[in-house]
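Input: a single structure, listed below in structure tokens.
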Amino acid sequence: MSKRFVVILGVLIVALMTLASCGGPAFECDDPLGCVTYEEGDPVRIASALVISGPNTDLGTDSQYGVEIAIDFKEEIMGHPIELQAEDDGCSAEGGQTAGQKIVADPSIAAVVGTSCSGAGVPMSKVVSEAGFSMVSPSNTAPSLTDPELHEAGYLRTAHNDKVQGKAMAEYAYNELGLTTAAAIHDGDPYTEGLARVFADSFEELGGTVVEFTAVNKGDTDMRPVLTSVAAAGPPEFIYYPVFTAEGGFLTKQAKEVAGLENTVLAAADGMISSAATEAVGEAGEGMYFSGPDLSFSGQIYEDFLAKYVEKYGSEPISVFHAHAFDAANMIFGCIEEVGVDDGGTLHIGRQALRDCLFATQNYQGITGNLTCDQYGDCADPKISVSQLQNGEYVRIWP
């Protein structure tokens with residue numbers, strides 16, 4: 001046996017041993033949007049972008065808790081722990097843009113749960129989608145975000161579309177309260193304007209009259225000029241202002257001071273269902289109505305969720321989208337498991353594959369219902385209820 005043959009044989013044996021120890025050829029990412037890779041022991045990283053500062057903190061913090069509980073329940077994905085990077089969407093376009101840019105600058109983040117506010121979701125969905133990431137919002141409800149002409153490729157939501165909520169509130173005011181004249185007020189945000197418009201259109205389709213469709217400016221504290229013009233146009237029997245906490249508080253209190261509106265029924269939406277909102281409206285809010293997601297969830301998962309929420313955070317849920325955030329996080333976790341490739345302890349996740357899996361979600365049994373995503377990212381099993389503020393508590397009264 002020649003020395004040259006021995007050397008060649010040795011090289012072949014080493015190559016075969018190396019191939020065997022690796023379990024096959026090295027992984028090559030052929031995903032058109034690239035792959036995120038986690039070495040053995042590294043955590044799978046997701047981000048959240050929710051409003052966790054300012055007057056709407058309860059809205060985003062409640063969703064943040066939903067994501068954190070989903071992580072606690074899941075514990076690990078394909079042998080990897082789960083890590084959350086929490087960003088603040090600011091409930092504004094600027095906040096959404098900034099949070100989105102920070103998230104996509106980190107290639108170790110697999111996907112995003114966010115945003116809280118539709119105004120933040122519009123720019124962030126563009127940033128995230130163009131970078132090849134996917135995001136699932138637990139509380140964006142503006143119709144524009146899933147409009148076929150405006151939808152961004154990586155955007156989905158577990159929250160309802162306000163085409164459902166606006167119609168439900170119109171039906172409640174017209175059919176249940178028997179009111180035939182209304183006004184709608186928004187603040188220019190995609191969420192508030194879209195919801196106010198659907199309400200107004202639906203109310204008129206039912207046979208009602210919308211005497212005024214108008215807006216306040218975000219940050220304004222004196223709402224009397226707008227309220228005075230609403231009174232002069234009617235006055236209406238019903239005013240629907242699906243705005244956020246600060247502006248909603250001023251509208252509620254100052255409506256009581258405007259001549260002609262003393263007996264007008266006041267109503268808002270899910271952006272004002274929180275302890276901060278009850279503080280903002282004070283006594284003036286007693287008896288007013290709020291549309292929002294129907295929270296009459298049932299089942300063992302939700303019971304376990306609520307028990308964990310109280311144990312971990314010391315209170316009952318502080319707003320209305322905690323379950324939607326829990327479902328959003330679990331949809332992401334499920335798809336990572338479905339498309340992830342385990343390469344000897346190293347995990348590879350194709351970004352397009354993950355996105356395709358999320359959009360292919362069908363009959364997913366979440367806390368919020370039976371979720372099926374359409375091609376534009378609407379995944380919710382939309383159920384809307386109306387609550388009334390009674391002695392400082394939101395009491396579900398319809399349906």
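These figures come from a predicted structure and were not determined experimentally.
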ILVMFWY cluster, [X] and [Y] together (side-chain gap under 4.5 Å):
{"X": "Val113", "Y": "Tyr191", "answer": "no"}
{"X": "Ile332", "Y": "Ile301", "answer": "no"}
{"X": "Val164", "Y": "Tyr376", "answer": "no"}
{"X": "Phe333", "Y": "Tyr65", "answer": "no"}
{"X": "Leu206", "Y": "Phe213", "answer": "no"}

Does a donor on one side chain sit under 3.5 Å from an acceptor on the other, for [X] and [Y]?
{"X": "Tyr313", "Y": "Thr61", "result": "no"}
{"X": "Thr115", "Y": "Asn140", "result": "yes"}
{"X": "Glu39", "Y": "Thr346", "result": "yes"}
{"X": "Asp327", "Y": "Thr158", "result": "no"}
{"X": "Thr146", "Y": "His151", "result": "no"}
{"X": "Glu171", "Y": "Ser202", "result": "no"}
{"X": "Tyr364", "Y": "Asp381", "result": "no"}
{"X": "Ser319", "Y": "Asp58", "result": "no"}

Looking at [atom1] of [X] and [atom2] of [Y], how far apart are the two atoms once the value is rounded to the nearest 0.5 Å?
{"X": "Thr228", "Y": "Met223", "atom1": "OG1", "atom2": "CE", "answer": "13.0 Å"}
{"X": "Ile239", "Y": "Thr264", "atom1": "CD1", "atom2": "OG1", "answer": "5.0 Å"}
{"X": "Lys308", "Y": "Phe326", "atom1": "NZ", "atom2": "CZ", "answer": "11.5 Å"}
{"X": "Lys167", "Y": "Leu195", "atom1": "NZ", "atom2": "CG", "answer": "14.5 Å"}
{"X": "Phe297", "Y": "Glu303", "atom1": "CZ", "atom2": "CD", "answer": "13.5 Å"}
{"X": "Ser387", "Y": "Ile397", "atom1": "OG", "atom2": "CD1", "answer": "7.0 Å"}

Decide yes or no for [X] and [Y]: does some side-chain heavy atom of the first lie under 4.5 Å from some side-chain heavy atom of the second?
{"X": "Tyr309", "Y": "Ile318", "result": "yes"}
{"X": "Leu179", "Y": "Tyr174", "result": "no"}
{"X": "Leu59", "Y": "Cys117", "result": "yes"}
{"X": "Arg45", "Y": "Val36", "result": "no"}
{"X": "Met272", "Y": "Phe290", "result": "yes"}
{"X": "Cys373", "Y": "Leu358", "result": "no"}
{"X": "Tyr289", "Y": "Leu177", "result": "yes"}
{"X": "Tyr394", "Y": "Leu389", "result": "yes"}

Taking everything shown except [X] itself, do over 12 heavy atoms lie less than 6.0 Å from its [atom1]?
{"X": "Lys126", "atom1": "NZ", "answer": "no"}
{"X": "Glu28", "atom1": "CD", "answer": "no"}
{"X": "Glu279", "atom1": "CD", "answer": "no"}
{"X": "Glu286", "atom1": "CD", "answer": "yes"}

Strictly distance-based, threshold 3.5 Å: is any side-chain N or O of [X] a donor or acceptor partner for the main-chain N or O of [Y]?
{"X": "Ser118", "Y": "Ala142", "value": "yes"}
{"X": "Arg224", "Y": "Glu257", "value": "no"}
{"X": "Asp62", "Y": "Phe321", "value": "yes"}
{"X": "Thr368", "Y": "His324", "value": "no"}
{"X": "His80", "Y": "Asp42", "value": "yes"}
{"X": "Thr372", "Y": "Gln362", "value": "no"}
{"X": "Gln254", "Y": "Thr221", "value": "yes"}
{"X": "Asp187", "Y": "Lys218", "value": "no"}
{"X": "Ser139", "Y": "Ser116", "value": "yes"}
{"X": "Asp162", "Y": "Val198", "value": "no"}

task = Could you please spell out the steps behind the side chain to side chain contact (heavy atoms under 4.5 Å, CB included) verdict for Val339 and Asp356?
result = CA-CA 10 Å; Val339 306; Asp356 290 345; over 6 Å; no

inquiry  = Counting the benzene-type ring for Trp, do Phe73 and Phe305 have ring centres under 6.0 Å apart?
reply    = no

inquiry  = Taking the six-membered ring for Trp, are Phe238 and Phe199 closer than 6.0 Å centroid to centroid?
reply    = yes

request  = Quick one: which residue pairs count as a side-chain hydrogen bond (donor to acceptor under 3.5 Å, both in side chains) with a foot in residues 207-217, not counting sequence neighbours?
outcome  = Asn217-Asp220

Where is the tightest heavy-atom contact between [X] and [Y], given as atom of each residue plus distance?
{"X": "Phe203", "Y": "Ala173", "answer": "CE1-CB, 4.1 Å"}
{"X": "Ala328", "Y": "Val136", "answer": "CB-CG1, 3.6 Å"}
{"X": "Val226", "Y": "Ala215", "answer": "CG2-O, 3.6 Å"}
{"X": "Ser144", "Y": "Pro190", "answer": "OG-CB, 4.2 Å"}
{"X": "Ala323", "Y": "Ile367", "answer": "CB-CG2, 3.6 Å"}
{"X": "Leu261", "Y": "Pro235", "answer": "CD2-CB, 4.1 Å"}

task = Take the angle between the ring planes of Tyr302 and His322 and call it parallel below 30°, perpendicular above 60°, tilted in between.
result = parallel

key: Residues Asp270, His160; criterion side chain to side chain contact (heavy atoms under 4.5 Å, CB included); working and verdict   = CA-CA 11 Å; Asp270 40 32; His160 58 265; 3.3 Å; yes

message = Using the rule given for side chain to side chain contact (heavy atoms under 4.5 Å, CB included), can you reason through Val44 versus Glu83, listing the C-alpha separation, both sets of side-chain angles and the distance that settles it, and then say yes or no?
response = CA-CA 6 Å; Val44 170; Glu83 184 176 279; over 6 Å; no

ask   = Any ion pair linking Glu87 and Lys102 (charged N to carboxylate O, less than 4.0 Å)?
value = yes

ask   = Should Glu193 and Arg197 count as an ion pair when the cut-off is N to O under 4.0 Å?
value = no

Chi angles and distances behind the side chain to side chain contact (heavy atoms under 4.5 Å, CB included) call for Ser48, Gln64 = CA-CA 7 Å; Ser48 61; Gln64 182 81 23; 3.1 Å; yes

ask   = Rest of the hydrophobic cluster containing Val122 (Ile/Leu/Val/Met/Phe/Trp/Tyr, side-chain heavy atoms under 4.5 Å)?
value = Ile103, Val104, Ile109, Val112, Met124, Val127, Val128, Phe133, Met135, Leu145, Tyr155

